[in-house]
Amino acid sequence: PAESTAAFVVRNDSVTLSGFSVLAANAMPYGVLSSSAFITVSSVNVDSGGMIAVAGMSLSSWTTLSASSVTAQSSHGLLLTGTGSLVANSTFSSQGAAFSGVRLDGASTNTLAGIVAEGGDGEGLLLRGGGWNTLRDVIANSQRFKPGLSLASSLSNTVISGLFQSAQSTAAALVSSHFNSFTGSTMTAADAGASAFWSSSSSNNVVSGAAFTNTAGHGALIQGGSSNRIESGRITSNGAGFVGLWILAASSVTVTGSTV
């Protein structure tokens with residue numbers, strides 16, 4: 001109905017939502033909004049129709065979300081806060097310039113597994129604040145101006161077997177983010193003004209077994225920060241006048257067993 005907060009609002013713990021679609025016909029902030037814990041969401045599909053302003057789904061702590069999708073035109077696809085949630089085997093898309101396919105906002109100890117997160121003008125997947133999250137088999141991409149994956153002031157996250165892409169920006173970016181680990185991930189960019197991997201003012205991060213490729217610009221840029229490591233990586237730049245790995249005003253960087 002008109003002037004609703006969301007199509008579904010959950011304010012009680014231990015609720016299950018399953019097997020329905022939300023097709024927004026009136027302006028509202030959310031498609032599905034839960035501020036409660038121990039919620040199970042499965043086979044729920046949200047299409048914002050350009051009518052949802054904040055997030056197709058907004059979920060809090062100790063929630064399990066699976067086999068679902070969100071298509072958002074002018075909001076985040078999924079906004080996750082709180083701790084201890086699992087998001088698996090689902091797809092989230094946002095076309096809004098200031099929005100992400102998936103945004104973790106101050107969220108910690110969550111697991112994202114087998115999801116696809118796509119941004120139009122925004123990030124595919126943004127972790128802002130928080131930490132100790134696990135990303136496994138995640139695909140995150142941005143169609144235009146933001147990173148596929150962005151960590152901003154986020155600590156001690158673990159990324160395993162991810163695929164990160166951006167057409168006009170950095171594939172994966174760490175900004176003021178520390179003690180994160182990447183294992184077996186692929187980062188692909190196609191922009192002369194960016195790098196496939198960018199670490200800015202970030203320290204004590206480890207990237208192992210990764211492939212960094214930029215068809216137009218730098219392969220990887222480590223800018224500022226200290227004690228970062230690249231292990232067993234393959235770093236490639238195919239852009240004329242650019243380099244595979246650029247270390248700029250950073251200290252104690254270690255690169256071992258890698259091809260540049």
Side-chain angles (χ1 to χ4, degrees), residues 1-49 51-72 74-94 99-118 123-140 151 154-162:
E3 299 184 4
S4 295
T5 300
F8 278 85
V9 179
V10 181
R11 294 196 176 98
N12 296 311
D13 293 347
S14 304
V15 172
T16 296
L17 304 177
S18 181
F20 64 85
S21 296
V22 173
L23 302 175
N26 296 292
M28 62 184 73
Y30 304 95
V32 174
L33 171 63
S34 172
S35 57
S36 302
F38 303 104
I39 307 302
T40 299
V41 182
S42 65
S43 301
V44 172
N45 304 300
V46 177
D47 188 335
S48 76
M51 305 300 288
I52 293 174
V54 180
M57 291 188 187
S58 179
L59 305 175
S60 186
S61 298
W62 306 106
T63 292
T64 299
L65 169 62
S66 64
S68 298
S69 69
V70 176
T71 301
S74 53
S75 71
H76 301 300
L78 171 67
L79 176 60
L80 185 64
T81 60
T83 62
S85 292
L86 169 65
V87 180
N89 304 320
S90 298
T91 301
F92 308 94
S93 173
S94 172
F99 299 100
S100 307
V102 175
R103 175 171 172 147
L104 275 63
D105 207 348
S108 298
T109 64
N110 301 286
T111 298
L112 279 58
I115 72 163
V116 177
E118 181 173 284
E123 301 90 348
L125 173 57
L126 170 62
L127 280 65
R128 181 173 292 279
W132 297 274
N133 300 288
T134 299
L135 282 57
R136 184 185 298 272
D137 299 321
V138 166
I139 298 172
L151 275 62
S154 192
L155 306 175
S156 299
N157 299 286
T158 300
V159 181
I160 303 168
S161 300

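From a predicted model like this one, the values you see are computed outputs, not experimental measurements.
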The criterion is side-chain hydrogen bond (donor to acceptor under 3.5 Å, both in side chains); which residues satisfy it with N133, sequence neighbours excluded? N110, N157
Holding to side-chain hydrogen bond (donor to acceptor under 3.5 Å, both in side chains), I want the full list of residues that pass it with S161, two or more places apart in sequence or in another chain. none
If you measure from CG on L33 to OG1 on T5, what distance do you get to the nearest 0.5 Å? 7.0 Å
Nearest non-hydrogen partners of G130 and S108, listed with the distance: CA-OG, 3.6 Å
Please list, chain by chain and in numerical order, all residues satisfying side chain to side chain contact (heavy atoms under 4.5 Å, CB included) with S100, sequence neighbours excluded. H76, R103, E123, L126
Between N45 and S69, do the side chains contain a donor N or O and an acceptor N or O under 3.5 Å apart? yes
Sorted by chain and residue number, the side-chain hydrogen bond (donor to acceptor under 3.5 Å, both in side chains) partners of T134 (sequence neighbours excluded) come out as none
Take I160 and V138, measure what side chain to side chain contact (heavy atoms under 4.5 Å, CB included) needs, and give me the verdict at the end. CA-CA 8 Å; I160 303 168; V138 166; over 6 Å; no
Short question: side chain of S68, backbone of S43 - any donor-acceptor pair under 3.5 Å? yes
Which residue pairs pass the side chain to side chain donor-acceptor pair (under 3.5 Å) test with at least one member in residues 54-67, sequence neighbours excluded? none
Of all the heavy-atom pairs spanning A24 and S48, show the shortest one and how long it is. CB-O, 3.3 Å
Salt bridge (Lys or Arg N to Asp or Glu O under 4.0 Å) involving D47 - partner list, sequence neighbours excluded: none
Could you check L65 against V44 for side chain to side chain contact (heavy atoms under 4.5 Å, CB included), going step by step and ending with a plain yes or no? CA-CA 9 Å; L65 169 62; V44 172; 5.8 Å; no
Test: salt bridge (charged side-chain N to carboxylate O under 4.0 Å, His left out). Region: residues 124-138. Which pairs qualify, not counting sequence neighbours? none
Among pairs that include at least one residue of residues 11-31, which meet ring-ring contact (aromatic ring centres under 6.0 Å, His included), considering only residues two or more places apart or in two chains? F8-F20
Please step through side chain to side chain contact (heavy atoms under 4.5 Å, CB included) for the pair L80 and V102, ending with a clear verdict. CA-CA 8 Å; L80 185 64; V102 175; 5.7 Å; no
The test is side chain to side chain contact (heavy atoms under 4.5 Å, CB included); show your working for I39 and L59 and say whether it passes. CA-CA 9 Å; I39 307 302; L59 305 175; 5.6 Å; no
All heavy atoms of I52 vs all of P29, minimum pair found to be CG2-O, 3.2 Å
Which residue pairs satisfy the side chain to side chain donor-acceptor pair (under 3.5 Å) criterion with at least one member in residues 78-94, sequence neighbours excluded? S93-Q95
Residues in side-chain hydrogen bond (donor to acceptor under 3.5 Å, both in side chains) contact with S74, at least two apart in sequence or another chain: none
Interatomic spacing from CZ in F92 to CG in L79 - rounded to 0.5 Å: 11.5 Å
Within this structure, what is the CG-CG distance for the pair L112 and L135, rounded to the nearest 0.5 Å? 5.0 Å
Quick check: closest heavy atoms across V70 and M57, and the distance to 0.1 Å? CG2-CG, 3.8 Å
For S75 against A55, the heavy-atom pair lying closest together: CB-N, 3.7 Å
